[in-house]
Protein chains: 2
Amino acid sequence: MDARTETDVAHVAAAIGDPSRAKVLLALAGGGALPASALAAEAGVSNSTISGHLAKLLDARLLTVEHDGRHRYYRLATTDVARALEQLALIARPLPVRSLNADTRAKALLRARLCYDHLAGRLGVAVMDALQENDILTAEHTGTAGATAVAYAVTPHGHQELSAFGVDPDRLPRRRTGVRYCVDWAEQRHHLAGALGAALTARMFALEWLRHGRYRRVVHLTDGGREGLATTFGVDVGQIF
Amino acid sequence: MDARTETDVAHVAAAIGDPSRAKVLLALAGGGALPASALAAEAGVSNSTISGHLAKLLDARLLTVEHDGRHRYYRLATTDVARALEQLALIARPLPVRSLNADTRAKALLRARLCYDHLAGRLGVAVMDALQENDILTAEHTGTAGATAVAYAVTPHGHQELSAFGVDPDRLPRRRTGVRYCVDWAEQRHHLAGALGAALTARMFALEWLRHGRYRRVVHLTDGGREGLATTFGVDVGQIF
DNA sequence: GCATCGGTTCGGCAAATGCCGAAACGTCCT
DNA sequence: AGGACGTTTCGGCATTTGCCGAACCGATGC
């Protein structure tokens with residue numbers, strides 16, 4: 001039936017396991033696409049060096065390229081790649097900060113960042129909390145006592161609210177799990193993922209509640225966003241920003 | 001609040017990303033503990049070489065050691081490590097088979113294997129299916145249309161059945177999610193994980209339905225197991241073995 | 001059509017890495 | 001106490017790997 005055999009885990013891991021390449025992947029973990037030169041700057045190496053790295057990442061199927069004239073835009077190949085990165089981050093030690101710049105950026109990432117295509121960090125967790133408190137999402141601890149399944153579901157009320165907000169839960173891409181969570185590596189708590197998380201995040205960007213930072217993965221909250229989150233979803237961002 | 005900053009993904013990935021070390025990790029992915037010499041044999045390198053590798057894996061927090069006299073038993077540090085390996089396997093290419101031995105082993109892994117502490121492979125998926133068909137587990141596609149949450153839960157009926165089988169869903173370790181699924185890298189479908197999956201698997205081993213193979217990760221189905229699975233859970237293993 | 005620009009390829013260098021055998025270490029057994 | 005055993009440490013070797021600058025390639029634009 002299935003021709004698949006043991007898989008070459010070492011090859012993929014080796015592809016990720018170089019500081020420069022990891023920086024590239026993390027820079028793309030915000031779901032965006034960047035040209036080789038930008039990635040070279042991000043990793044702090046020359047163009048020729050990054051080119052070799054990118055070739056390796058392509059070979060390992062971690063990235064894809066889109067040719068566009070003389071530009072080549074690289075992005076993560078699948079959401080599975082992003083998921084693998086998050087899973088590794090869950091195990092990894094915190095990295096010592098090397099510069100003031102890196103420090104402020106690290107702090108920004110802890111506050112609010114993109115986990116491929118949905119909101120993560122303290123803001124992501126706060127939104128997740130607020131959605132539950134306002135009866136938009138329920139944490140269904142189905143099963144009994146010990147055997148709790150931490151499944152999240154959209155309530156009927158939530159269905160209304162979300163539609164009013166501009167995210168129709170019925171019109172999400174089919175082939176992807178709608179409501180899903182992600183364990184936030186920094187907060188060790190859940191934030192909203194899946195198709196719904198992505199759609200909600202996209203809508204917030206569309207409404208200019210959120211803005212990309214200098215690094216796409218970093219997310220900034222606008223004044224409108226601060227107000228919108230408070231009035232629409234009851235998110236108190238006071239603790240975060 | 002939280003002192004965590006950007007994490008050193010590259011370091012962990014590099015630790016996994018060597019063929020010998022990956023073999024070690026995969027050998028331990030069955031949840032067992034092995035001494036250094038056994039791991040050396042598994043990876044096909046000398047004792048001195050494996051010692052260096054093990055030191056690296058310890059440094060990256062992927063393994064833990066238990067000293068026992070002149071033996072030292074190594075095992076995966078956390079379930080997160082196993083999860084990361086599975087996630088990487090989901091991306092990785094199938095590895096070309098090098099020997100007849102490796103081929104039969106690879107086929108055995110596809111049939112039935114341990115995913116750290118619960119059953120995976122075709123058998124794992126078959127059990128998962130049967131549990132649902134027999135109303136022991138329900139796939140609650142909560143939410144509407146597009147926003148389906150694929151949460152699994154134990155039914156009241158299932159609660160009875162499982163208790164009768166010797167797995168009390170109320171007495172599972174608290175600190176772990178009870179009902180959980182895992183995407184099987186070979187089958188691309190769900191198999192049962194979490195505390196319940198682990199308990200169920202353990203019980204099957206206790207009843208001698210399952211037996212460890214030469215490699216702990218490989219699982220063999222006994223005659224009793226074949227019958228037990230059929231009568232108790234309605235699993236048809238005809239297609240698999 | 002020629003200069004420019006983004007990107008890859010090539011050559012060469014320095015550093016890191018995997019590997020082994022020999023030796024050292026600590027534990028167990030007699 | 002002495003020998004066997006499982007494991008780690010050390011020294012040395014061959015290979016791989018990351019890095020850069022220079023040259024090259026193809027698309028763009030004046």
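Worth saying up front: this structure is predicted, and the values here are computed from it rather than measured. In what follows, chains carry the letters A, B, and so on, assigned in the order in which the sequence lines appear, proteins first and then strands, with residues in each chain numbered from 1.
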B:Phe165 and B:Trp209 aromatic ring geometry - parallel, tilted or perpendicular at 30°/60° bounds: tilted

Phosphate contact (D:dT8 OP1 or OP2) by B:Arg72 side-chain N/O below 4.0 Å: yes

Distance test, side-chain N/O of A:Thr49 to OP1/OP2 of D:dC20, below 4.0 Å: yes

A:Leu54 CG - C:dT8 C1' separation (whole Å): 11 Å

Position toward the 5' end of DNA chain D (nearest nucleotide), B:Tyr74 or A:Ile50: B:Tyr74

D:dC19 phosphate, OP1 or OP2, under 4.0 Å from A:His53 side-chain N/O: yes

Rounded distance (Å) that lies between atom P of D:dT16 and atom NE2 of A:His11: 14 Å

Of A:Ser48 and A:Gly69, the one whose closest DNA chain D nucleotide lies more 5': A:Ser48

Residue-phosphate contact under 4.0 Å: A:Arg21 side-chain N/O, D:dG18 OP1/OP2: yes

Side-chain N,O (A:Ser37) to OP1/OP2 (C:dG7) below 4.0 Å: yes

Selection from D:dG26, C:dG26, C:dC19 that lies nearest to any side-chain heavy atom of B:Arg70: C:dG26

Earlier contact from the 5' end, DNA chain C, for B:Ser20 and A:Asn47: A:Asn47

D:dC20 phosphate, OP1 or OP2, under 4.0 Å from A:Ser46 side-chain N/O: yes

Nearest-Å distance for atom pair NE2/P, residues B:His71 and C:dC28: 9 Å

Whole-Å gap separating C1' (D:dT28) and NE2 (A:His67): 17 Å

Interatomic distance where CG belongs to A:Leu58 and C1' belongs to C:dT8 [whole Å]: 12 Å

Integer-rounded Å distance: D:dT8 P and B:Tyr73 OH: 13 Å

OP1 or OP2 of D:dT17 under 4.0 Å from side-chain N/O of A:Lys56: no

Any donor-acceptor N/O pair, B:Thr222 side chain to B:Glu208 backbone, under 3.5 Å: yes

Whole angstrom value for the distance that separates P of D:dT16 from CG of A:Asp18: 17 Å

Any donor-acceptor N/O pair, A:Thr7 side chain to B:Arg93 backbone, under 3.5 Å: no

Between A:Thr49 and A:Ser46: side-chain donor-acceptor atoms closer than 3.5 Å: yes

Spacing between B:Leu34 atom CG and D:dG6 atom P, to the nearest angstrom: 14 Å

Plane angle bin for B:Phe205 and B:His212 - parallel if under 30°, tilted between 30 and 60°, otherwise perpendicular: parallel

